[in-house]
2 protein chains.
Amino acid sequence: MIPTDTHDTGTCQRISELLSRIGDKWTLLIVRALGQGPKRFSALKRELGSISQKMLTRTLRNLERDGFVDRKVTPVTPPQVEYALTPLGMDLFRPIAALAEWTFAHADAIDAARHAYDARHPDPDHRAA
Amino acid sequence: MIPTDTHDTGTCQRISELLSRIGDKWTLLIVRALGQGPKRFSALKRELGSISQKMLTRTLRNLERDGFVDRKVTPVTPPQVEYALTPLGMDLFRPIAALAEWTFAHADAIDAARHAYDARHPDPDHRAA
DNA sequence: GACCCGAAGTATCTTATGGAAACCAAGTTA
DNA sequence: TAACTTGGTTTCCATAAGATACTTCGGGTC
């Protein structure tokens, strides 16, 4: 449980903010890709397949701004830009990995809870939104 | 780091989905409140202060559907509805607490990275969106 | 009868998120 | 001169999230 004594409402919102960022559509996938080592923009795009350039740029910018990813430009033509995890980025994704393990272990329980709920509440409007 | 061998793209999206849910505006605050013990709807609303009834209902429903929160109705008038964390809910929020600790410990580093980035990139458009 | 309570549901609005496609700039190749 | 490359940016659009205000319901009080 999140201890109420050390974590006030402000800290809670801070954590939510970080979770929202990490929980967006692409961040985890990008970080997982960069976990294998530094990669170039186009290599990431190829690897992620369905991501648009805009979203890849935006997600990388956010990661860079928060200090999780380092961006290194080599001024040649055509330009080369390499992205790599910073030490802070690698450090963050240890607790994230713990959460990943948990999700992996309990995915079935969540699915079961959802099916049970949906069976109890046949009205699909409850599930929407 | 998230190990690529045990966690494929599908699992990664599963984790992202969970993180998005937990990372939304109210979930963490509600769970923190329920961590102190079961509470009624109106008590939660009072405690959270600025939340609307609609968002409180919706967030609680989502938590209930995923099996993290239990909803107990006492059919008196006016109706009494009590919300409590399930064992699954309490279990989930151990890895979440680890992440909270991390955030608490590294908030300064993230702030510093942001300020450094903003100083390097004076164009505010990069930060928007 | 008029009004209030708890726990919602509805309706409408604004904002945020994400996607598709076009455009751009520098230099290189054909 | 035209086309192509990388690493973007810009514009437009659809959907989702969240805020605000109003309605509902049954049973209680004034």
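Just so you know, these numbers use all the heavy atoms, side chains as well, and skip hydrogens, waters and symmetry mates. Each chain gets a letter, A, B and so on, in the order its sequence line appears, and its residues count up from 1.
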The side chain of [X] is closest to which nucleotide in this list: [options]?
X        : options                  : value
Met55(A) : dG19(C), dA8(C), dG7(D)  : dG19(C)
Lys54(A) : dG19(C), dG18(D), dT9(D) : dG19(C)
Phe41(A) : dG8(D), dA19(D), dT17(C) : dG8(D)
Val81(A) : dA8(C), dT9(D), dG7(D)   : dG7(D)
Arg40(A) : dT6(D), dT10(D), dA7(C)  : dT6(D)

Please check if the side chain of Thr27(A) supplies one atom and the backbone of Arg21(A) the other of a donor-acceptor pair under 3.5 Å. yes

Does any N or O in the side chain of Lys45(B) come within less than 3.5 Å of the main-chain N or O of Ile51(B), such that one atom is a donor and the other an acceptor? yes

Can you classify the ring geometry of Phe68(A) versus Phe93(A) as parallel (below 30°), tilted (30 to 60°) or perpendicular (above 60°)? perpendicular

Is any side-chain nitrogen or oxygen of [X] closer than 4.0 Å to OP1 or OP2 of [N]?
X        : N      : result
Arg61(A) : dG8(D) : yes
Arg71(B) : dA8(C) : yes
Ser42(A) : dG7(D) : yes
Lys45(B) : dG6(C) : no
Tyr83(B) : dA8(C) : yes

Just to be sure I understand the rule, does Ser52(B) reach a base, reach only the sugar-phosphate, or reach nothing, if contact means heavy atoms closer than 4.0 Å? base

At under 4.0 Å between heavy atoms, how does the protein contact nucleotides 22-30 of chain C? Give one character per nucleotide, 5' to 3', with B, S or -. B----S---

So do [Y] and [X] actually touch side chain to side chain, heavy atoms under 4.5 Å?
X         : Y        : value
Ile96(B)  : Val31(B) : no
His106(B) : Asp91(A) : yes
Trp26(B)  : Leu56(B) : no

Over how many whole Å does the gap from [X] atom [atom1] to [N] atom [atom2] extend?
X        : N       : atom1 : atom2 : result
Leu56(B) : dT20(D) : CG    : P     : 15 Å
Gln80(B) : dA8(C)  : CD    : C1'   : 15 Å
Arg21(A) : dT17(C) : CZ    : C1'   : 11 Å

For the pair Thr57(A) and Phe41(A), evaluate side-chain contact (heavy atoms from CB on, under 4.5 Å) and give the outcome as yes or no after the intermediate values. CA-CA 8 Å; Thr57(A) 301; Phe41(A) 185 89; 3.6 Å; yes

